[in-house]
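See structure below.
As the structure is a prediction and not an experimental result, all values here were calculated from the model. Reminder, nothing fancy here: chain letters follow the sequence lines and each chain counts from 1.
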2 protein chains.
Amino acid sequence: MSALDRALDLLDLFGPDTTALSLTELSAGSGLPLSTCHRLAATLVARGYLDRGEDRRYRVGVGLWSVAQRSPLSDRLRESALPALARLYEETGENITLAVLDGGRALYVERLMGERSIPTVSRAGARLPLHTTGVGKVLLAYQPEAAIAAHLSAPLERPTRDALADPARLRRDLAETRARGYSVTRQEMTLGSASVAVPILQAGRCVAAVGVIVHLARLDPPRLVATLSRAAAAIVAELERLD
Amino acid sequence: MSALDRALDLLDLFGPDTTALSLTELSAGSGLPLSTCHRLAATLVARGYLDRGEDRRYRVGVGLWSVAQRSPLSDRLRESALPALARLYEETGENITLAVLDGGRALYVERLMGERSIPTVSRAGARLPLHTTGVGKVLLAYQPEAAIAAHLSAPLERPTRDALADPARLRRDLAETRARGYSVTRQEMTLGSASVAVPILQAGRCVAAVGVIVHLARLDPPRLVATLSRAAAAIVAELERLD
DNA sequence: GCCAGACTTCCGCCTCGTGGAAGTCCTGGC
DNA sequence: GCCAGGACTTCCACGAGGCGGAAGTCTGGC
């Protein structure tokens, strides 16, 4: 176990519900002794990768955030998509999400949420199941058959009663998604929530998905799809401008 | 020199113009031998902090990006500001920027740029001089007098002929900024560019600044300020909702 | 096929990391 | 204000892991 691995273990402790951690919490979470954590965290703080506030809690630092802006996710995809997402947000007034496929999950790259919107779990950095989210179903639908088969061979979690956890049922949904060019979810991730999502296709590959999350009562796929497709096209155009 | 420090040296090599680096470039940039770089980078790749593509170049990985989403800059400020920035972008059709004061520079947290907009250097993650940028002048103006004095005691760079590099002249501009509640720049950072920016104030402290960058010919402070102030108020409201 | 540049792997040596324990600081209850 | 308990912070001998030069392999251009 290398020192670098241990330091990265510490960084990996920061999550959606753990954005500020005490030294003792770092120690408990990583299984490393207090003094080891203290020493490694001190280096991370000195280098700006962690920040330690007056409350003595550690938070992810500006230095790490700055490096992250150079990742293709941020530098390329997110930045190219942002103006189109902003327009989409203004036109719909709903929750807007942009996600990529990573490690068999939908990784949320961006989320715009307003006051009228319903609470969602899809914040930037969140990882959610492919089969229960609009963007996730799109990401899965456009994978090669072997990847789909592999994904469906593992047990599918069922966060809500409506989630499609039966592989055959899900396969049909994925086929429909491909046939019409967009996915629909109804209370498959969160009760009361529905979504529509479309793929962002480059050279025949689905590089990301963009979706709108709405209250079930406001779900109107044809209206949302038209708007989403314009946004997706704008994002593709921007990405191709970079190539 | 610790292994962790060396690894962080590698990560710090990634910048606005160096988003993809070969092993040899990592070695040259860090001054570390090839095999040391190779070993450290292998760990970073295994942990998702770097990614190595088919072109064998290293890029910042999804794992690091995910940790960065937990930083206060992203988790708190950027996410709270994004809907208001989207609205601002839609209302103005111009470049929108959000920045904080960090290390004596304006650190850009977010930037929305569209087709009509002019090219700017103010991408997310960029660090620019305080005294030559709209958001930077706001961030500086609202600092305690001692901090302003310290900043003005160092030589002020002059990227353009119009940049205010004379401390007395800049002081007057900062005083005007405070008096009227917004800053204006005219070709002080980039020829042809102008901007207006307002502070995001919490508990009497300027925690960030939000600005619009336009072509000089389209500069219209009163129109922009009204829109900016509404956005700033919305951001403050969202931040206070988190507290 | 040849060759130069860019890696990738190996391993003896030595540098740095470790973590238990002692000491210090902080906080909250009385 | 006092004090006890919890949360650190510091120290250093020992040993685990990191280092980097050199040899070997891979890649792409000619």
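Where A:Ser2 and A:Ser22 each meet DNA chain D at their nearest nucleotide, the meeting point lying more 5' is that of A:Ser22. Residues A:Glu54 and A:Pro33 each lie close to DNA chain C; by heavy-atom proximity, the contact nearer the 5' end of the strand is made by A:Pro33. In terms of position along DNA chain D, the nucleotide closest to A:Tyr58 lies nearer the 5' end than the nucleotide closest to the other residue of the pair A:Tyr58 and A:Leu4.
Distances from the side chain of A:Arg6 to the nucleotides C:dT18, C:dC7, D:dC8 place C:dT18 closest. Of the candidates D:dC8, C:dT18, D:dC19, D:dC19 carries the atom nearest the B:Leu40 side chain, counting heavy atoms from C-beta on.
Remark: side-chain polar atoms of B:His131 are not paired, donor with acceptor, to backbone N or O of B:His151 under 3.5 angstrom. A donor-acceptor pair under 3.5 Å links the side-chain atoms of B:Thr18 to the main chain of B:Gly15, judged by distance alone.
Contact between the side-chain N/O atoms of A:His38 and the OP1/OP2 oxygens of D:dT9 is found at a separation under 4.0 Å. Within the 4.0 Å cut-off from OP1 or OP2 of D:dG21, not a single side-chain nitrogen or oxygen of B:Arg39 is found. Using a 4.0 Å cut-off, some side-chain N or O of A:Arg52 falls inside it from OP1 or OP2 of D:dT9.
With B:Leu10 as reference, B:Leu26 is the one residue of B:Leu26, B:Leu50, B:Leu21 to meet the side-chain contact (heavy atoms from CB on, under 4.5 Å) rule.
Remark: P of D:dC19 and CG of B:Leu32 are 8 Å apart, rounded to the nearest angstrom. As a whole-Å value, the separation of A:Leu26 CG from D:dA7 C1' is 13 Å.
You'll find a donor-acceptor pair under 3.5 Å spanning the side chain of A:Ser35 and the base of C:dG20, going by distance alone. A donor and an acceptor atom never sit less than 3.5 Å apart when one is taken from the side chain of A:Thr36 and the other from the base of C:dG17.
Contact annotation for B:Arg57: no contact, since no heavy-atom pair falls under 4.0 Å across all strands.
No side-chain N or O of A:Asp102 forms a donor-acceptor pair with one of A:Tyr108 less than 3.5 Å apart.
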